[in-house]
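So that the names make sense, note that chain A is the first sequence line, chain B the second, and so on, each numbered from 1. Keep in mind the model is a prediction, meaning the values are calculated, not measured.
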2 protein chains.
Amino acid sequence: MKDTVKKKRNNLSASLEDYLEAIFNIAGESEVVRSKDIAECLGVAKPSVTRALKILAKKGLVNYQPYGYVTLTKSGIAEAARVAKKHEVIKSFFVDVLGVDARAAHDAACRTEHALGAAIISRLLGFTDFVNKAGRNGYDIAKEFRKFHKSRHRGKNR
Amino acid sequence: MKDTVKKKRNNLSASLEDYLEAIFNIAGESEVVRSKDIAECLGVAKPSVTRALKILAKKGLVNYQPYGYVTLTKSGIAEAARVAKKHEVIKSFFVDVLGVDARAAHDAACRTEHALGAAIISRLLGFTDFVNKAGRNGYDIAKEFRKFHKSRHRGKNR
DNA sequence: CATTATAGTTAGCCGCACCTAACTCTGTCA
DNA sequence: TGACAGAGTTAGGTGCGGCTAACTATAATG
């Protein structure tokens, strides 16, 4: 059985995943990660960040000590990358396949990334790749869909 | 500007949307809707249902009086149908396009349906229709994707 | 080196959404 | 018709994840 070799699940809440992802993103841009940056990035007050950091530290995902900079642990990086990847996969699908504008796609991805498991994400990634690849083989699925969608909208309004 | 004619938003939490959807689904099967049915359907305890019903009643979405059967108001039906439709659109996409099995698709749809707005849902519905239609025009996108996905998986494991 | 602005923390409150325990109502059946 | 099972409610507790107010630590500046 698969369950006999079940991996230790971190079981993060959506909110904690958001904090982890924010730290990951900031770290990729700004050399150091400050509590304040996280708060701004997520639009929450500073005490919320402090509490989240303590919890993430207890779970071994961030290196945290009071008044210090924040860094991700090895497993924190892995976990954050996993979440960020989901975000990216979902957003790409919305943009490249559905033709949603980048801003709306980003927002929707933020809300959706915590709800989809690895299996569906893998298929979604595969599908987006497939669509992009198919475009290079003559039949451009995304382009054809855009036509389809537009004509359907016209039909609706008249 | 669009905002000048902004509609009154009900602004239901994900949880309340779940209650509403459950009532809608039960009503479509069982003549009368009992508090207990809702509790079983959602896997929550009965007091949770009582509280949710009071809130939904205050919002004018259900007709509720203590110890009575539950019915949806007109706007409750509209709102519930909207949520149920989202669920259906998402699930269909997972099943018909991505080839996910029905059970997993249902579960994922439950978690995703509160996160996607009308615009993306509309595009997703359109896309699923497009894929289904394209199958009848010679190039079966879903089928081709399944091949693509399988071969990619083979490549991964060896 | 003292001052002061700013970053970070602590303490404590609130709302949401779940729960259990215990009570009340209702409909059935002997 | 009265007792009882089961449905529904009330009361009150919990955890999460926000918040503000007030305190403390750090770092920059004269």
Query raised in the report: Within this structure, what is the NZ-to-C1' distance between B/Lys58 and C/dG15, rounded to whole angstrom?
Result: 13 Å
Query - Nearest heavy-atom neighbours spanning B/Lys86 and B/Leu116 - result: NZ-O, 2.7 Å
Query raised in the report: Side-chain contact, heavy-atom cut-off 4.5 Å: B/Phe127 with A/Ile141?
Result: yes
Report summary line: B/Lys54 NZ to C/dC16 P, in whole Å, measures 15 Å
**Report entry** Atom-to-atom span, CD of A/Gln65 to C1' of D/dT26 - whole angstrom
**Finding:** 14 Å
Requested in this report: Mind calculating the distance between NE2 (B/His114) and P (C/dC16) to the nearest angstrom?
Outcome: 17 Å
Query raised in the report: With a 4.5 Å heavy-atom cut-off, do B/Ile120 and A/Phe94 have their side chains touching?
Result: yes
Query raised in the report: In B/S/- notation, 5' to 3', how is nucleotides 17-23 of chain C contacted by protein heavy atoms closer than 4.0 Å?
Result: BBBBB--
Query raised in the report: Under a 4.0 Å N-O cut-off, is there an ion pair linking A/Arg111 with A/Asp107?
Result: no
Query - B/His87: which of B/Arg82, B/His114, B/Glu17, B/His106 passes side-chain contact (heavy atoms from CB on, under 4.5 Å) - result: B/His106
Query raised in the report: How long is the line joining CG of A/Leu42 and C1' of D/dG18, in whole Å?
Result: 12 Å
Query raised in the report: Is there a residue in residues 21-39 of chain A whose heavy atoms reach under 4.0 Å of DNA chain C, and which residues are they?
Result: A/Arg34, A/Ser35, A/Lys36
Query raised in the report: Does A/Glu144 pair with A/Lys147 as a salt bridge, N-O distance under 4.0 Å?
Result: yes
Query raised in the report: Taking C-beta and beyond as the side chain, do B/Ile121 and B/Ile90 meet within less than 4.5 Å on heavy atoms?
Result: yes
Report task. Over 60° means perpendicular and under 30° means parallel, so classify the ring planes of A/Phe130 and B/Phe148, tilted if in between. Result -> tilted
Requested in this report: Could you check how far OH of A/Tyr67 sits from C1' of C/dA7, rounded to whole Å?
Outcome: 9 Å
Query raised in the report: Between A/Glu40 (CD) and C/dA7 (P), how many Å, whole number?
Result: 8 Å
Report task. Tell me whether the OP1 or OP2 atom of D/dT26 has a side-chain N or O from A/Tyr69 closer than 4.0 Å. Result -> no
Query raised in the report: With a 4.5 Å limit on heavy-atom distance, are the side chains of A/Leu61 and A/Ile55 in contact?
Result: no
